[in-house]
Amino acid sequence: MLEEGSFRGRTADFVFMFLFGGLLMTIFGLFVNLVFLGQAFTIMLVYVWSRRNPYVRMNFFGLLNFQAPFLPWVLMGFSLLLGNSIIVDLLGIAVGHIYFFLEDVFPNQPGGGRILKTPYILKAIFDTQDEDPNYNPLPEDRPGGFAWGEGQRLGG
């Protein structure tokens, strides 16, 4: 949902979020002696999605109703109930919060600005060119192969 919502048409920005999150998690993972960061990465994505969709209602196993911003915390609590270490979840939440703050909060503050800017090389590789508004596809490329809606009168 994050890819199809916040990042629709912005593939390079999505890849940059992955690279930024992966780099930060690797650095922080060294300090807490974590090697496998897949779950932390998933929690980071969940955190960013949940903060960008604050009014979405969630339901956890039919027992707990809450709003989306609480989803990472609910997942961390469930991890704790299962007896897992919450360090991995906290790492994902921390990195997700750093990304969310730098991308969505800080630029909207007085005197703030965008610190995270997607490098041009990523935009050149991943983002597609805008479609030409004057492009007229061939009849075989149009739906049904007919010129629908071209204003031709019936019976006249």
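All figures in this text were calculated on a predicted structure; none of them were measured in a lab.
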Novice: Decide yes or no on side chain to side chain contact (heavy atoms under 4.5 Å, CB included) for V46 and L75, but give the supporting numbers first.
Specialist: CA-CA 10 Å; V46 167; L75 293 175; 4.2 Å; yes

Novice: Measure from the side-chain N and O atoms of N84 to the backbone N and O of L80, and report whether any donor-acceptor pair falls under 3.5 Å.
Specialist: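 Side chain of N84 to backbone of L80: no pair is present.
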
Novice: Say whether, by atom type as modelled, one donor and one acceptor occur between the side chain of N59 and the main chain of G62 under 3.5 angstrom.
Specialist: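 Yes: the side chain of N59 pairs with the backbone of G62.
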
Novice: Is there a chain of hydrophobic side chains (I, L, V, M, F, W, Y, each step under 4.5 Å between heavy atoms) that links V74 to L81?
Specialist: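 Hydrophobic grouping puts V74 apart from L81.
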
Novice: F106 vs F101 aromatic rings, parallel, tilted or perpendicular, using cut-offs 30° and 60°?
Specialist: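 Geometry flag for F101 against F106: tilted rings.
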
Novice: Answer yes or no: is there an ion pair linking R52 with D104, defined by an N-O contact shorter than 4.0 Å?
Specialist: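 Yes, this pair counts.
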
Novice: Any chain of hydrophobic side-chain contacts (each under 4.5 Å) joining I27 to V88?
Specialist: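 I27 clusters together with V88.
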
Novice: Answer with yes or no whether the hydrophobic clustering places V95 together with I115; edges join I, L, V, M, F, W, Y residues whose side-chain heavy atoms lie under 4.5 Å apart.
Specialist: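 Both belong to a single hydrophobic cluster.
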
Novice: Answer yes or no: does atom CG of N33 have more than 12 heavy-atom neighbours from other residues, nucleotides or ligands under 6.0 Å?
Specialist: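 Atom CG in N33 is not packed in, count stays at 12 or less.
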
Novice: If you define the side chain from C-beta out and look only at heavy atoms, does anything of M17 sit under 4.5 Å from L45?
Specialist: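 A side-chain contact exists here, since the closest heavy-atom pair is under 4.5 Å.
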
Novice: Any side-chain heavy atom of V56 within less than 4.5 Å of one from W49?
Specialist: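 Yes, close enough: below the 4.5 Å cut-off.
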
Novice: Centroid separation under 6.0 Å, is that true for the rings of F41 and F18?
Specialist: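 Yes, the ring of F18 comes within the 6.0 Å limit of the ring of F41, centre to centre.
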
Novice: With under 30° as parallel and over 60° as perpendicular, where do the rings of H97 and Y47 fit, or are they tilted in between?
Specialist: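 H97 and Y47: perpendicular rings.
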
Novice: Please tell me if the side chains of D13 and K123 come closer than 4.5 Å, counting only heavy atoms from C-beta onward.
Specialist: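 Yes. Closest side-chain heavy atoms under 4.5 Å.
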
Novice: Does atom CD1 (I121) have a neighbourhood of more than 12 heavy atoms from anything else shown, all under 6.0 Å?
Specialist: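 It does not: I121 CD1 has 12 such atoms or fewer within range.
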
Novice: So do the side chains of S79 and Q39 get within less than 4.5 Å of each other, counting heavy atoms only?
Specialist: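 In contact.
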
Novice: With ring-ring contact (aromatic ring centres under 6.0 Å, His included) as the test, would you mind laying out the steps for F78 and F61 before giving the verdict?
Specialist: CA-CA 11 Å; F78 189 66; F61 288 126; 5.5 Å; yes

Novice: Do Q67 and R57 come close enough that some side-chain heavy atom pair is under 4.5 Å?
Specialist: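 Contact flag for Q67/R57 side chains = yes.
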
Novice: Quick check: are there more than 12 heavy atoms from other residues, nucleotides or ligands sitting under 6.0 Å from CZ of F20?
Specialist: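 Count over threshold, so yes.
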
Novice: What orientation do F66 and F60 show, parallel under 30°, tilted 30 to 60°, or perpendicular over 60°?
Specialist: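 Rings of F66 and F60: tilted, 30 to 60°.
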
Novice: Check whether any side-chain heavy atom of L122 lies under 4.5 Å from a side-chain heavy atom of P119, and answer yes or no.
Specialist: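 They are in side-chain contact.
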
Novice: Would a 4.5 Å heavy-atom cut-off, applied to side chains only, mark R114 and E103 as touching?
Specialist: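 When only atoms from C-beta onward are counted, E103 and R114 do touch, with a gap below 4.5 Å.
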
